[in-house]
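Before any comments, here is the structure.
Since the structure is predicted, the reported quantities are computational estimates derived from the model, not experimental observations. If you read the sequence from its start, that first residue is 1, and numbering goes on from there. What's counted below: heavy atoms across the whole structure, side chains too, no hydrogens, waters or symmetry copies.
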Amino acid sequence: MDKISRFNVVHRYEKRALLTAINVVGSLAIFFFGYDQGMMGSVNVSIDYAVNVMKLGHVEPGTSQVITDKTLLQGGIIAVYYLGCLVGCLLGGWIAEKLGRIKVIALGSIWAVLGASLQCSAQNPTWMICARLVNGIGTGMLNVIVPVWSTETAPHTSRGMFVSIEFFLNIFGVVVAYWLGFGCSYVSGGYSPFVWRFPIAFQIIPLLFLFAVIWLMPESPRWLVKVGREDEARYILGRLRGEDASGLAEAEFQDIRNVAELEKNAGQLNSYFHMFWDVMPKAIGGGSSGVLHIGRRVQLVVWLQILQEWIGIAGVTIYANDIFRQAGYSGQKARWLAGVNDITYMFSTLFAIFTLDRLGRRKSLYLGSIVMGISMFLSGGFSRAAVTNPDKAAAYGAAGASFTFIFSMGFGATWLTIPWLYPAEIFPLQVRAKGNAWGVVGWSVGNGWTTLLLPIMFQRLNEKVFYIFGAVNVLTLPIVWAFYPESNQRTLEEMDLLFATPSWWNWEAERTYAMLKAQNPELVQAAVAKKGGSVVDHDAETGLKMRRGGELSLVPHGEAEKRVNDLEHIE
């Protein structure tokens, strides 16, 4: 393939080896994402940073423990990063639809290098706030496109596994950030600027490496089809699936091409505004995507990411030292326990690699919410018992700390990956990068909101914050059950069938999906490796477009809805 650089790894590797190469490179971006999040936990307790440079607090007399006086400023410095992520994800999603996935990853890595450089040289709070904002923009670009790139190249039977591998590296980044900060805390008794400036600067290394190697990676075949570069797309897809799976690769290619062709008419309605406003009534300009129901998908991914942060992980990750201190531990012992918690958290993500494609997204979310909810309630209860029973504080504190470990393991095995995977799966090809951007918007809002409020919440509510987290976990169970259709083991081209119904209820989505496939058994043949596949597609203004016997036929929107309703009479 002359149009693809001879240095591109697609010429050398195929099938699992090529998929592994793609996900290893993608994992560099996700590693940076985790490192950047975990880094601030150590930076916040650095004496030079918190007391001398940022003027956030003071050192407790007789100890080296930093006491934060300006909790709102501390939370604001952390939270502004997520504002940058929000801007970066929207910018990255827009650029990715025009220039492709590879170029956005390269741009995001260089932008993040600039932000990291500004952070490690910060001289005052204003400087740090601006640097965090810049760094967040780069992170947002990477976060929005790497999961999309991974899901668009992976086979539908193992998307969850490959994205889970990437997020194992995400938590590895958290672990590296924490223990690097922990080790640096011993330099000059913790008073040296090196304690916090070096950990911030360290993230530049993987970012520069990512920028160097991303140009050797293959572009998403789905994006190539979308922009008319079909020869390149067919070649890359063939290498991804292997020569011995040419029938599957060709069927998948035909499905992708049909989707790209039939969704072009919705292009003028693909702005972020139209995607968000689509959920509103038609009388005020909503419903512009017709039976695509993009607005519903936007709401689902935004709220799934917000819920991910409010189930407690933001508090456990960033304020682990405070949590263990409230459990009866202090000083370096609390920091050591927080670091061990990160390690158990990292290894728990391996569970998702082997189960996410077997259990599915919904069952994994249920399991995680149950484990984490129980853990948060018990952690809060034991922490309170340690305070009210000083003579048994060590025993109660140890029990409370153990449930913090169990919470982290439950999150790593379930809720860590799914809110990132789900947005990259469920959107149509024409707006997939922008759709995933809405997921990152939800993550940015959820993270920004929690990190801004958590210093105040921990200061005023102490262990009662755990009860709030536990209650949110309980709340997620009926929300996921009622509103989130299962995306596991379904091709990206099948997702339009799953969201064809106008109803928000999951059972209606599944009923319509089953009925459409029952009436049209020849649809989406790529899923079963048959000859040249076909799909049920949608036009944003006129409705479902169905393909039968190799011919395209247009079904008006009203007739399409009627057919969906009529399908319930099929035996």
Side-chain angles (χ1 to χ4, degrees), residues 1-36 88-89 91-117 134-135 137-154 162-163 165-166 169-170 173 202-241 256 424 429 432-433 436-437 440:
M1 175 54 63
D2 295 336
K3 295 180 181 178
I4 302 174
S5 168
R6 62 189 180 91
F7 299 107
N8 198 297
V9 298
V10 74
H11 300 305
R12 177 172 297 187
Y13 303 113
E14 66 174 345
K15 297 175 67 174
R16 185 167 290 270
L18 181 56
L19 286 166
T20 300
I22 289 171
N23 282 274
V24 166
V25 173
S27 295
L28 282 174
I30 304 300
F31 170 86
F32 156 72
F33 166 39
Y35 182 90
D36 208 42
C89 75
L91 180 62
W94 178 75
I95 296 173
E97 300 293 8
K98 297 180 179 299
L99 301 182
R101 305 351 183 180
I102 298 299
K103 290 180 180 178
V104 171
I105 295 174
L107 177 61
S109 60
I110 286 300
W111 202 307
V113 166
L114 173 62
S117 301
V134 172
N135 205 38
I137 293 174
T139 306
M141 290 183 185
L142 294 174
N143 288 353
V144 73
I145 207 57
V146 170
V148 170
W149 185 46
S150 297
T151 57
E152 288 185 336
T153 53
F162 283 108
V163 176
I165 291 172
E166 290 181 354
L169 270 296
N170 171 259
F202 182 80
Q203 64 190 296
I204 296 174
I205 298 174
L207 288 170
L208 290 176
F209 187 70
L210 174 62
F211 178 78
V213 301
I214 192 60
W215 302 107
L216 306 178
M217 295 295 114
E219 183 56 86
S220 161
R222 286 174 164 84
W223 180 80
L224 290 170
V225 170
K226 174 186 167 183
V227 298
R229 294 160 61 179
E230 294 188 358
D231 291 342
E232 296 171 68
R234 182 183 261 118
Y235 175 78
I236 292 173
L237 197 59
R239 298 292 292 174
L240 285 166
R241 303 299 175 252
I256 296 168
L429 174 60
R432 186 164 294 133
N436 199 46
V440 183

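Checked by atom type and distance alone, the side chain of E97 pairs as donor or acceptor with a backbone atom of A433 at under 3.5 Å. Between the side chain of R239 and the backbone N or O of K15 there is no donor-acceptor pair closer than 3.5 Å. No donor-acceptor pair closer than 3.5 Å links the side chain of W94 to the backbone N or O of C89.
Side chains of S109 and I214 form no contact here, defined as non-hydrogen atoms less than 4.5 Å apart. Side-chain contact between L210 and V25: present, with at least one pair of heavy atoms (C-beta onward) separated by less than 4.5 Å. Taking 4.5 Å as the limit, some side-chain heavy atom of W149 sits within range of a side-chain heavy atom of I102. For the pair N8/L216, no side-chain contact is recorded, criterion being any heavy-atom separation below 4.5 Å from C-beta on. L99 places none of its side-chain heavy atoms less than 4.5 Å from the side chain of V104. Contact annotation: the side chain of V24 never approaches that of V213 to less than 4.5 Å [non-hydrogen atoms, C-beta and beyond]. Side-chain atoms of N436 and P147, non-hydrogen and from C-beta on, do get closer than 4.5 Å to each other. Between V146 and F33, every side-chain heavy-atom pair lies at or beyond the 4.5 Å cut-off.
Shown here for A106 and W215, the closest heavy-atom pair between the two residues is CB-CZ2, 3.3 Å. Residues L240 and P221 share a closest heavy-atom pair of CD1-CG, 4.1 Å. Scanning both residues, L28 and F209, for their nearest heavy atoms gives CD1-CD2, 3.4 Å. Here the closest heavy-atom approach between residue G92 and residue V144 is recorded as C-CG1, 4.0 Å. Residue V163 comes nearest to N23 through the heavy atom pair N-OD1, 4.5 Å, listed as atom of the first residue, atom of the second, then distance. In terms of heavy atoms, N135 sits closest to A116 at OD1-N, 3.4 Å.
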- Assess whether side-chain contact (heavy atoms from CB on, under 4.5 Å) is satisfied between M217 and V9, documenting all intermediate values. CA-CA 6 Å; M217 295 295 114; V9 298; 3.6 Å; yes
- Message: Show, in sequence, the C-alpha distance, side-chain angles and deciding distance for Y235 and H11, and conclude whether the side-chain contact (heavy atoms from CB on, under 4.5 Å) test is met.
- Response: CA-CA 10 Å; Y235 175 78; H11 300 305; 3.0 Å; yes
- Please walk me through it: do L237 and I256 pass side-chain contact (heavy atoms from CB on, under 4.5 Å)? CA-CA 11 Å; L237 197 59; I256 296 168; 4.1 Å; yes
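Atom CD in Q203 sits 5.0 Å away from atom CZ in F32 (nearest 0.5 Å). Note: L224 CG to I4 CD1 = 7.5 Å, rounded to the nearest 0.5 Å. Atom CG in L19 sits 6.0 Å away from atom OG1 in T153 (nearest 0.5 Å). Rounded to the nearest 0.5 angstrom, S150 OG and I165 CD1 are separated by 10.0 Å. Expressed to the nearest 0.5 Å, how far CZ of F31 lies from CG of L169 amounts to 7.5 Å. One distance of note links CD1 of I110 with CG of L114; it measures 9.5 Å at 0.5 Å rounding.
Using a 4.0 Å cut-off between charged side-chain N and carboxylate O, R101 and E152 make a salt bridge. Electrostatic pairing of R229 and E219 does not count as a salt bridge here, judged by no charged N lying under 4.0 Å from a carboxylate O. Using a cut-off of 4.0 Å between Lys/Arg side-chain N and Asp/Glu carboxylate O, E230 and K226 are scored as not salt-bridged.
Every residue was checked against the salt bridge (charged side-chain N to carboxylate O under 4.0 Å, His left out) condition with E166, not counting sequence neighbours, and none meets it.
Other residues, nucleotides and ligands contribute at most 12 non-hydrogen atoms within 6.0 Å of the CH2 atom of W111.
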